[in-house]
Structures are given as C-alpha cells and as structure tokens.
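I have placed the structure first, in the form of structure tokens, so that the comments after it can refer back to it.
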Amino acid sequence: MDIQYLKGIGEKRARLFHKLGLFAVEDILCFYPRAYEDRTEIRKIQELRPGEAACFRATVAVPVTHARIRQGMELYKTKVFDETGELRLTFFNAPYVKNALTLGEEYIFYGKLEDPRSMVNPVFEREAGNATGRILPVYRATAGLSQGALRSAAKQALSKAEKREVLPDAIRQRFSLCHASFAADNIHFPQSAELLGIARRRLVFEELLLLQLGLAASRGGRTKGPVFAPPDMRPFFAALPFELTEAQRSAISDIQNDCTAGSCSRLIQGDVGCGKTAVAAAAAFTAFQNGYQTALMAPTEILAEQHARSLSALFMPLGLTVGLLTGRKKKELAGIANGEIHLAVGTHALLSESVTFHRLGLVITDEQHRFGVEQRKKLAEKAKSAGDEFVPQPNKLVMSATPIPRTLAQILYCDLDVTLMRGMPPGRTPVKTYVVAEETRPRIESFVKKTVAEGGQVYIVCPVIEEGEIGTASAETYAEKAANETYKDLRVGLLHGKTKNRDGVMRSFSEGELDILVATTVIEVGVDVPNATLMVVENAERFGLSQLHQLRGRVGRGKRESHCVLYMQSESARERLAVMKRENDGFAIAEEDLRLRGPGDFFGSRQHGLPEFKIADLSEDMSALHDSREAAEALRRDDPMLSRPEHAALQEAVAALLEQIGG
Ligand code: ADP
Ligand code: MG
C-alpha cells in the first residue's frame, strides 16, 4: 500500500517521506519514534514554568480577537483561566482558532510559557486524547515534514495496516513478549510509560533476533572441520622462548578442545601485545601434527613478513616449514600445493585463484576486523580445492586485537565461539599517557628530541593526510615542517594510506633508518617496532578511544618505558581523553567508548554490514540481547532453515533483512 494512499500525503509530500526511507504504509509502522513527549501530566496555570512545555486545562475568558499586523501576518488573541490564574494566548496565522475556541468552554492546552502571563501557539483540544493528556511520539524528521504530519501518518498507518507478527507463538510465550500489533500501537502512541516499555522490549527483541538469524545465515553458520587427534605439544612448548601466560594456555586449550571435536570456529580476542601469535602458532602446530596445513592471513605485507619471520624461527627446529605468500612474493606456490609448506603465511594474496593447498585443515585470520566476512569465507573455501583429501571446511581461528564490547561481539560473531585473553605477558610497563593542550608544545618537542637522542624512535599520528580544515593537523604538512624545521636534524618519514611505497617506509622505520614517523592511522595495525617508545597524537579528540588505544599499542613493546602524548585542540575532549590516562585495558576502554559515543559511532565505518538499529540500543538492551540470543540459538538448533510452517513469517523477515544487508 503506497503512502500516498494516506490522507494528507500527495506526490510532493510523498517525496519527503521517501527521503526518510518510507514508501509503503507498512514502512511507517516500523519507523519507530526517536523520542517521546510526555504530555500525560495536566498542570494548573500557576504551576506552569517559563520555557517548559506542559498541558493545562482552562476556560476561554474572552472572545478570540483578530488583527492583521502586516501582509501575511495575522494575529489571533484570547485569554483563558482556571482557578489558579489567567493566561494570554496568542496564535499566529491560525484562522481556525476563531471557530475552534468558544467563549466559556473548557479545553486542554499544551504549550510553552513565554513569560509568566502569556503563551504563543499552544495546541488545544476539547478532550485529552490526540495532542494532550498522552505520550506523543517524536520522529526523526526531515526539512519540510513536521512532527504533526509524521504523527498523522503514523496514526493512519496503524489503522490501515497491521504490523506482521513474525515471532512464533512459542517464542512470544517463552519470553513473555507482546503481540506485534499491540507493540506497534504502543510504540507509536503509548497508553502509558509501562505499555511503552512492554512494546519496546518486544520490538528490540525482534530486531536483535532477526539480525542474529540473518548474520548466522549469511555467514554460513558453524561448520564441521576435520577432527584432530590430541597432539603432543611438548616439543612446541620447549621451543618457545618464554613461558606461556595463563591466558595463552587457556586459549590454546579452548582451540584444542574444538579441534579434537572437529569444530573449531573461534575468535580469540586479546589486547594488542597480549601474545596472540603464540596461540596461533600452537594451533598451527596442532594441525601440523595431524598432517594438515595451516593458512595464516594477515592484513598487510609487513605483518605477514613479520609473522613469517618469527614463526619460521620458532618452527625450524620442529620440522614445520613456513612459507610466505604476498603480492610480491609468489615463489612458494608450488610448496603450498604439494604440501612441502606446512604453514602458509600471507596477505589476501592467499585468496587468489592460483593458490591451491595440498591438505588445508586450519585457517587463521589475524587482526580480522580488517577483513570482510567474504574474505574469511573465501579462505576457508580453499580447503575444498585441496588435492589430497576432500576437506569440506577447515577449522577456523580468528584473532582480533580490537576489543569489542561483549554485547557487540555476541552479535557480530554469532558464528564464532569467543575466547577472551586478558592480561599481558610479564615484564610490561604500561605506557604513560598524557593529555595536553597547545601550550605544552615546546616541552613535547624537546621530549621528542630527547627520546631520539637516547636512541628511541617516535611515531607522530595526524588525523588527516592532506591540508584541509583549519586546526586539524595533516600528515603531509606536518612531515614537511618536521623535516625542514622542527626536527630538521632528525630523519623524518611519512606514511599514510596514499603513500606509494608503504611497506618500504615501514621497513625503514622498523630497521631504524628513520627517527620519526609521521603517519595517519594506517600504523594502527599490529606492526612491532620495539625501539619506538614515544607516540604523539595530534587532534586526539578526533579519534575514538578504542582507536587511540590501538594506536598506543604501537609503543611499549620493548623493555624501555614508553610514553604517549595526546594533543587536544578542544578542552571539551578532556574528560573522554582522560580515560586513556587511567585505563590500560582495551576492553575497559571499549566499554567506556561505547558508553560515551553509542554503538553507531563506535563502529563507525567498520560496521561490516551491521545495519543501523531501528530501535535497539546495545548499551542498554543487554537483557533483550541475552534473550534473543538464546532464542536464536534454539531456532538454529531445532529448525535451522526456519522451514516449519510456524516459522514462515520469521523466515521471510530474515530473508528480507539479508536482502537489505547484502548477505
Ligand atoms: P599480539 O597479541 O598483539 O599479536 P604478539 O603475539 O605479537 O601480540 O606478542 C607481543 C610480544 O610479546 C611479542 O614480542 C612476543 O614475543 C611477546 N610474548 C608473547 N607471549 C609472551 C610470554 N608468554 N612471555 C613473554 N613474552 C611474550
Ligand atoms: Mg598480533
């Protein structure tokens, strides 16, 4: 049913509705209010406060007068009273008022007091019900479309269409959820705050349930991998240059439990530097002992090289061969195909057609937030093409250093089990963090010079590449000034997303040929330069806390004490940035970030197909998330294709969502 079917919506206004994504009458049912105006309380005239909108009941004291002030400006005036006082009312260009307000009759008004004695353009009605005495929805509007028009459309939509019930009765009963049409009525025009709560809870549940079912379907759900026999890990542990931490041990044991059951789909979430590489290595060794190959995919060449280097050093004495495959380096193709290489480390070059495996049993993606779900899937598909034995799906391991708050992780990684690694290997000193303003610049500059003089290296992070907004540091300008002026005696490099030879620059820095690296956030992904002990972040207020934490993880990787300086250009950022000063735990920072910025901003451009929520708020709706997750899991167990008749509506809704998120 097209929205033009509704009263008051012609072709022109329909276009405004389209801007809000509303095309059919049914769309309006799911266009949930972003806020509410509580007009349930009816005050006395004396209780009205200037600047505060409220309802009151009053009687018309004098006939409505009319005056034309100038062309196009008509004034209608009257006075009303109740037992506590009197009030002047003024209406602009509102000819209807003359007939609508009758002398001596009582009305309910809603408006904001201008001064103690008068009010402009209040709304009114004889009986509370439409505009007064109730909770009214406030919608996300667009220019030219008033709340009144949106409310009227919502009201009509509710009477003309019915929100489809997609939740099976059994689920509604089990989680005590109200019916869809009751929820629709009360989310738009709630009878009371309590009923609004009931409606909202149900709609949040529905939204989160659909999302989880949709994501699970688009990710192919959990799969069976090859069953590994419990390996003898003693040679591996003996070869490690350090004792494993408790967190590493327990992550390794989680993976081994999965693999011996042949169903490893696991996310290892651990802060930067907590030692995930050793965990990945243990998994690769397990596969090796079982006669399977492992593929380890990293997001950049440098990272892949770094992994290949450290892992071949570790594995050489154990007879496990490591091969590196990047865009530039392809000569290992044959070894991967014939099985001489046991662990193939690479970039997304691993995904290319020409790469075939001999017997791929485990795929690991490092720093996975850089990879899309599709890439992950594609890597897993490589197992199928393995020559020797048909392996439908390998075991899967995903390593992430982005500390995603638990709530989000549960949704995003509904197809993975999650292991959290908390804590750091011994001997780390936390990075000392300072939040500073412009006047501290001279001191920071001497600190940079001192750091280099003592043999250290420095990262300077700018929010943008090129000169643009005033007051925002750009990496190019900064690097130029640094090289020619501020730090002209030092060796300054520049690295950003458009740098041609990114890997080359990074390599020079890591090999100590540069003292200072001016960069954008491209350096955020796990490169290890232990000699870098100072990071300066310009315009720190422009970054999310989790991102700052990620950046800060680039220093503090060696034995020497490290420092991180956060420049802020606006004092208002101080409270938020102060979190960085007191917190070193990425998970705590992420939770705080989510709380301060909301889930939309938190994820920003990295949403990876997560649609915008219509109603759920992940920082609040924990219990609904919990319930919907339980329901989603039960459904996936009992009726994974949602093919039973009682799940037909749900199946359609999931399919529609998948269409929308491009699954
Ligand atoms: P991330 O979790 O960020 O990938 P890495 O695996 O790169 O962390 O480890 C960071 C550093 O800590 C590396 O230099 C690594 O050798 C070292 N490391 C890892 N585990 C331990 C441990 N148990 N004891 C001491 N050092 C460790
Ligand atoms: Mg790492």
Side-chain angles (χ1 to χ4, degrees), residues 233 236-255 266-285 294-316 322 324 343 345-347 363-371 397-404 418-431 457 459 506 510 522-533 535 546-560 562 584-587 589-590:
M233 295 299 284
F236 175 79
F237 293 141
L240 279 178
F242 42 67
E243 282 285 306
L244 290 170
T245 64
E246 194 47 49
Q248 285 169 321
R249 280 181 188 285
S250 106
I252 292 171
S253 120
D254 283 351
I255 295 165
R266 190 167 286 278
L267 169 72
I268 307 288
Q269 255 205 315
D271 219 342
V272 211
C274 75
K276 293 183 292 297
T277 316
V279 173
F285 187 73
T294 297
L296 168 58
M297 184 163 70
T300 64
E301 292 205 344
I302 299 173
L303 261 182
E305 284 168 15
Q306 206 165 282
H307 278 322
R309 209 178 312 128
S310 65
L311 290 171
S312 21
L314 171 68
F315 282 135
M316 187 88 78
V322 178
L324 173 67
L343 169 58
V345 180
T347 56
V363 300
I364 307 174
T365 38
D366 193 17
E367 312 281 355
Q368 90 88 37
H369 66 288
R370 293 285 159 141
F371 293 109
L397 196 59
V398 174
M399 324 278 273
S400 171
T402 318
I404 296 163
V418 180
T419 296
L420 282 188
M421 287 177 65
R422 296 201 88 144
M424 288 286 157
R428 298 278 163 83
T429 34
V431 177
Q457 286 168 286
Y459 291 106
M506 198 62 227
S510 78
V522 290
I523 56 153
E524 134 191 35
V525 172
V527 184
D528 207 357
V529 183
N531 199 44
T533 55
M535 169 168 290
S546 294
Q547 203 173 15
L548 288 173
H549 178 70
Q550 201 78 14
L551 285 167
R552 180 170 64 179
R554 297 300 111 230
V555 293
R557 299 175 85 84
K559 296 213 162 42
R560 269 185 289 174
S562 290
N584 250 303
D585 175 28
F587 290 96
I589 289 173

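Just so you know, these numbers come straight off a predicted model, no measurement behind them. All ligand and atom numbering here is 1-based and tracks the order in the structure.
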Checking contacts here: is it the side chain or the backbone of Gln248 that comes within 4.0 Å of ligand 1, counting heavy atoms only? Could be both or neither. side chain
Set of side chain to side chain donor-acceptor pair (under 3.5 Å) partners for Gln269, sequence neighbours left out: none
Tell me, which protein residue and heavy-atom name are nearest atom 3 (O) of ligand 1, and how many Å apart are they? Gly273 N, 2.6 Å
Among all protein heavy atoms, pick the one closest to atom 5 (P) of ligand 1 and tell me residue, atom and distance. Thr277 OG1, 3.5 Å
Quick test: of every protein heavy atom, which one is nearest to atom 11 (C) of ligand 1, and how far off is it to 0.1 Å? Arg428 NH2, 3.3 Å
Donor on one side chain, acceptor on other, Asp271 and His549, under 3.5 Å: yes
Would you call Cys274 a ligand 1 contact, heavy-atom distance under 4.0 Å? yes
Minimum-distance protein heavy atom relative to atom 15 (C) of ligand 1: Phe242 CE2, 4.2 Å
For ligand 1, which is the ligand I care about here, please tell me if Gly270 has any N or O atom under 3.5 Å from one of the ligand's N or O atoms. no
If you compare all heavy atoms of Ala282 against all heavy atoms of Ile252, which two are closest, and at what distance to 0.1 Å? CB-CD1, 3.6 Å
Taking only heavy atoms of Glu243, which atoms of ligand 1 are found under 4.0 Å from at least one of them? 22 (C), 23 (N), 24 (N)
If you look at every heavy atom in Leu244 and Ala278, which pair is closest and at what distance? CD2-CB, 4.2 Å
Is the backbone N or O of Ser562 less than 3.5 Å from a side-chain atom of Thr533, with the two atoms forming a donor-acceptor pair by type? no
Heavy-atom nearest neighbour in the protein, as seen from atom 14 (O) of ligand 1, with distance rounded to 0.1 Å: Asp528 OD2, 3.9 Å
Salt bridge flag under 4.0 Å for residues Asp366 and Lys276: no
Considering only non-hydrogen protein atoms, determine which one is nearest to atom 9 (O) of ligand 1 and report residue, atom name and distance to 0.1 Å. Gly275 CA, 3.7 Å
Can you sort out which atoms of ligand 1 are near Val272, meaning under 4.0 Å from one of its heavy atoms? 3 (O)
Min side-chain heavy-atom separation Thr294-Val363 under 4.5 Å: no
Sub-4.5 Å side-chain heavy-atom contact between Val279 and Met421: yes
Going by distance only, is there an N or O of Pro425 that falls short of 3.5 Å from an N or O of ligand 1? no
Interfacing atoms of ligand 1 (cut-off 4.0 Å, heavy-atom, Thr245): 23 (N)
